[in-house]
Amino acid sequence: MAHIPAQPYDYSLPQIGKFALIIIDMQRDFLEPGGYGELLGNDVSRLYGIVPTLQTLLQTFRDFHLPVIHTLECHEPDLSDCPPAKIRRGKGHLTIGDVGPMGRILIKGEPGNAIIPELAPIDGELVIHKSGKGAFYHTELHATLQQRSITHLLITGVTTEVCVQTTMREANDRGYECLLVEDGTESYFPEFKQATVEMVCAQGGIVGWIGSAASVEAAIRSIGKQN
Ligand code: C5J
């Protein structure tokens, strides 16, 4: 066990095997021009800023052979898992399922739907395909975490106030102890990131904790030495 300096108070990282890193939706569709993020009217350029931090954090987990979970927001090619309301949203001329510069938008297996190469999953890492914003909705995530006795989640990825926050709230409701890695998450809207960071750890940690990637890495190294 190790203590991570965090808000609203230290986060206790349990023994190895009980915690996992979740990297949410670091996909070309959200980070690159021509993807779903941009067609919703967003300036996607600011999201790349967290990639070096996530690479270092991911490498630390890999160095210690710790569980890593990647998620992708995506839909089946026939859109059978996509509610019509989601297809109607946005203000561009293209929508989910249409052909864009990186293939069909937000469709499983299309080039634009892939995780960016810098953070591509490797063998042994869990990849969760999700049709909703939260990673627990209609996925095998909860069952898989339970099977592995994982109780603590270090949460990262994009976008802070949408898929990241939704997943953190879903996890919290299922009893997981969650720490949102502040410099490992980003939004198209800096003010929304800030608001999310403040709201999830308000009221004594109503949804969880906020900490830094460096603090998580230091805690892992200290636990690693104990083993
Ligand atoms: C959005 C996500 N923003 N991954 N998805 O639609 O946050």
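The residues of the chain are indexed from 1 along the displayed sequence. FYI, side chains are in, hydrogens and waters are out, and symmetry mates aren't considered; it's all heavy atoms of this structure. Atoms within each ligand, like the ligands themselves, are counted from 1 in listed order.
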May I ask you to identify the nearest protein heavy atom to [atom], giving residue, atom name and distance to one decimal place in Å?
atom                   : value
atom 2 (C) of ligand 1 : C163 SG, 2.7 Å
atom 3 (N) of ligand 1 : T159 OG1, 3.3 Å
atom 4 (N) of ligand 1 : D25 OD2, 2.7 Å
atom 6 (O) of ligand 1 : K133 NZ, 2.8 Å

Are K193 and E161 close enough for a salt bridge, meaning some N to O gap below 4.0 Å?
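No, K193 and E161 are not salt-bridged.
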Hey, is K108 close enough to E73 for a salt bridge, meaning N to O under 4.0 Å?
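No, no charged N to carboxylate O under 4.0 Å.
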Cut-off 3.5 Å, side chains only: do D25 and T71 have a donor facing an acceptor?
yes
When the aromatic ring centroids of Y11 and F19 are compared, is their separation below 6.0 Å?
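Ring centres of F19 and Y11 not closer than 6.0 Å.
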Would you check whether V162 has a nitrogen or oxygen atom less than 3.5 angstrom from a nitrogen or oxygen atom of ligand 1?
no
Between L153, L180, I24, T160, which is the residue that forms a side-chain contact (heavy atoms from CB on, under 4.5 Å) with M168?
L180
Test of understanding: given a 4.0 Å heavy-atom threshold, classify the contact between V158 and ligand 1 as side chain, backbone, both, or neither.
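Just the backbone.
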For S80, does its backbone N or O pair with a side-chain atom of D78 as donor and acceptor, under 3.5 Å?
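Side chain of D78 to backbone of S80, a donor-acceptor pair under 3.5 Å: yes, one is there.
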What atoms of ligand 1 come within less than 4.0 Å of a heavy atom belonging to E73?
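In order of numbering, the contacting atoms are 1 (C), 2 (C), 4 (N), 5 (N), 6 (O).
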